[in-house]
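Structure, as structure tokens:
Letters A, B, ... are given to chains in the order of the sequence lines, protein chains preceding strands, and every chain is numbered from 1. Predicted, not measured: the structure shown is a model, and the values here were computed from it. In what follows, every heavy atom counts, from backbone to side chain, and hydrogens, waters and symmetry copies are set aside.
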Amino acid sequence: MSILEELKWRGLLYDASEGVAERLAKGPTTLYIGFDPTASSLHVGSLLQILGLARMQRYGHRPIALVGGGTGMIGDPSGKSHERQLLTADKVQENLVGLREQLGRFLDFGDGDGSTSDGGSGSDAALVDNGDWLMKTNLVEFLRDIGKHFTINYMMAKDSVKTRIDKEEGLSFTEFSYMLLQSYDFLVLHDSHGCELQMGGSDQWGNITAGAELVRKLRRKKAYGIVQPLVTTSSGVKFGKTESGTIWLDAERTSPYRFYQFWLNTSDADVVRYLKYFTWLTQDQISELATTHGETPQAREAHRKLASEVTAMVHGADALERAVRSSEILFGAEISDLPVAEILDVFDDVPSSHQPKEGFEGDGKALVEALVDAGLAASKGAAKRLVRDGGAYVNNRRITDERARLTSQDLLHGHLLVLRAGQKKYHLMNLAEGA
RNA sequence: GGAGGUGUGGCCGAGUGGACAAAGGCAGCAGACUGUAAAUCUGCCGGCGUAACGCCUACGGUGGUUCGAAUCCACCCGCCUCCA
């Protein structure tokens with residue numbers, strides 16, 4: 001199976017330029033995907049792109065991950081309905097550091113430094129920053145050498161521009177120029193790394209084809225583009241967002257436990273599609289899981305496999321093991337029988353806090369207050385409602401008395417408290433002696 | 001600069017002197033069902049409060065009229081449309 005065929009059955013081939021198949025059939029090439037430093041971490045939405053590079057690498061091609069230290073200063077209007085707030089230079093730099101670190105984990109950089117210009121031999125990945133050339137570019141030269149090859153007519157015809165022109169708010173010249181910068185990146189990488197292909201999300205199609213055309217015009221060489229679909233959930237909710245926020249790839253921002261839970265909670269309608277998108281499982285393995293899921297959906301085998309595959313890939317086998325274990329402990333029925341060590345283990349993964357023990361002496365602390373302290377309820381009124389609705393649990397046992405008080409009797413092993421709101425939101429409280 | 005319109009809770013959107021913490025919808029939360037899924041149904045959905053048709057805060061801002069204002073008046077601010 002060729003890489004294109006693989007992308008196709010995975011549903012990852014949204015569009016590709018003419019001649020890509022022929023070019024890829026001829027032998028290894030060099031390709032790149034750009035990542036914008038809009039945050040200091042990538043999130044699950046970017047995972048598809050990263051995997052795109054990794055998949056190409058497995059087929060012998062050479063991937064380049066480009067971080068937008070230069071373009072990040074401008075902001076890509078593609079797929080955005082409003083003019084964006086500019087990031088400060090410091091912020092861009094800060095984010096760049098985080099992105100570099102993360103991207104490095106998914107690609108094989110071989111033994112070299114990855115950024116050499118050996119003309120594209122071998123499939124060792126490279127990591128580049130377009131700030132390295134964009135920040136040094138001279139405006140007048142840029143307009144003469146690059147700008148001259150774009151007509152306004154051509155740029156206005158792009159969807160990303162057109163939709164913004166139609167809006168009242170319009171589009172600043174700054175963002176309008178973004179396409180030129182991205183096209184220039186392609187040209188630079190073509191010259192320095194022999195890069196012939198750019199990949200990206202389908203919202204990047206306009207920018208990618210613009211770059212490919214620039215390479216063709218100026219170097220009289222073919223350049224190609226492949227775009228992958230933007231991930232959507234079947235219920236129309238933005239992928240990668242949960243009630244508690246974005247799911248990041250950084251373990252500091254989204255614990256492996258929550259990461260694992262995110263995938264485990266995938267809806268049935270999406271699970272097979274996500275297996276294709278986000279794992280390395282083969283066509284056979286996935287169709288087997290699809291069958292199992294069709295027959296015994298309640299076993300949730302496809303979900304488990306998805307969650308463990310992706311968690312292991314992003315956070316490693318150890319983190320996965322802990323996440324699974326934590327899930328078993330928390331979703332198990334009788335928590336009070338567990339040894340301290342096991343419960344404490346979960347502390348690393350689940351939102352937790354240390355609270356002074358004093359409040360629990362004597363007649364104890366009001367349950368509603370504890371829920372607010374734990375961040376499981378926004379206010380005492382909200383906490384009370386939660387209890388009244390039957391959504392509050394202490395040590396996995398439902399409490400329905402809104403005036404309940406927690407005393408030292410409720411503490412596991414004398415200092416641990418497991419609070420829960422609803423089915424899935426946990427908080428572990430460690431009551432330190434006199435803390 | 002002129003004329004008109006508009007600004008309500010996370011969003012949309014009713015409400016033109018009291019019964020308004022403000023209809024309805026969406027989003028969100030919880031429960032039931034089930035499988036840590038979806039759909040559906042039920043309840044909740046400003047804060048405080050043991051509770052209450054109790055108190056506080058809130059209908060762009062400030063000030064006023066009134067026993068009483070989201071609702072009326074004045075000025076200011078934002079946004080929109082048309083004219084110049």
Got a sec, which residues hit ring pair (Phe, Tyr, Trp, His ring centres under 6.0 Å) with A:His427, two or more places apart in sequence or on another chain? none

Could you run through nucleotides 38-49 of chain B and give me one letter per nucleotide, 5' to 3': B if any protein heavy atom sits under 4.0 Å from the base, S if only the sugar-phosphate is that close, - if neither? S----BSS-SSB

The residue, A:His303 or A:Gly422, whose nearest nucleotide of RNA chain B is more 5′ is A:Gly422

The side chain to side chain donor-acceptor pair (under 3.5 Å) partners of A:Asp373 (sequence neighbours excluded) come to A:Lys365

Can you name the residues that form a ring pair (Phe, Tyr, Trp, His ring centres under 6.0 Å) with A:Tyr224, not counting sequence neighbours? none

Hey, does the side chain of A:Tyr393 come within less than 4.0 Å of B:G31's phosphate (OP1/OP2), counting only N and O? yes

Who pairs with A:Tyr260 by ring pair (Phe, Tyr, Trp, His ring centres under 6.0 Å), at least two apart in sequence or on another chain? none

In terms of the angle between their ring planes, are A:Phe278 and A:Tyr274 parallel, tilted or perpendicular, with boundaries placed at 30° and 60°? perpendicular

Side-chain N,O (A:Gln423) to OP1/OP2 (B:G35) below 4.0 Å: no

Candidate nucleotides B:A30, B:G31, B:U36, ranked by approach to the side chain of A:Gln261 - the nearest: B:U36

Counter-base of B:G35, judged by Watson-Crick or G-U geometry with both distances under 3.5 Å: none

For B:U81, the nucleotide meeting Watson-Crick or G-U wobble distances (both under 3.5 Å) is B:A3

Assigned partner base of B:A74, Watson-Crick or wobble definition, under 3.5 Å: B:U62

Who passes salt bridge (Lys or Arg N to Asp or Glu O under 4.0 Å) against A:Lys158, sequence neighbours left out? none

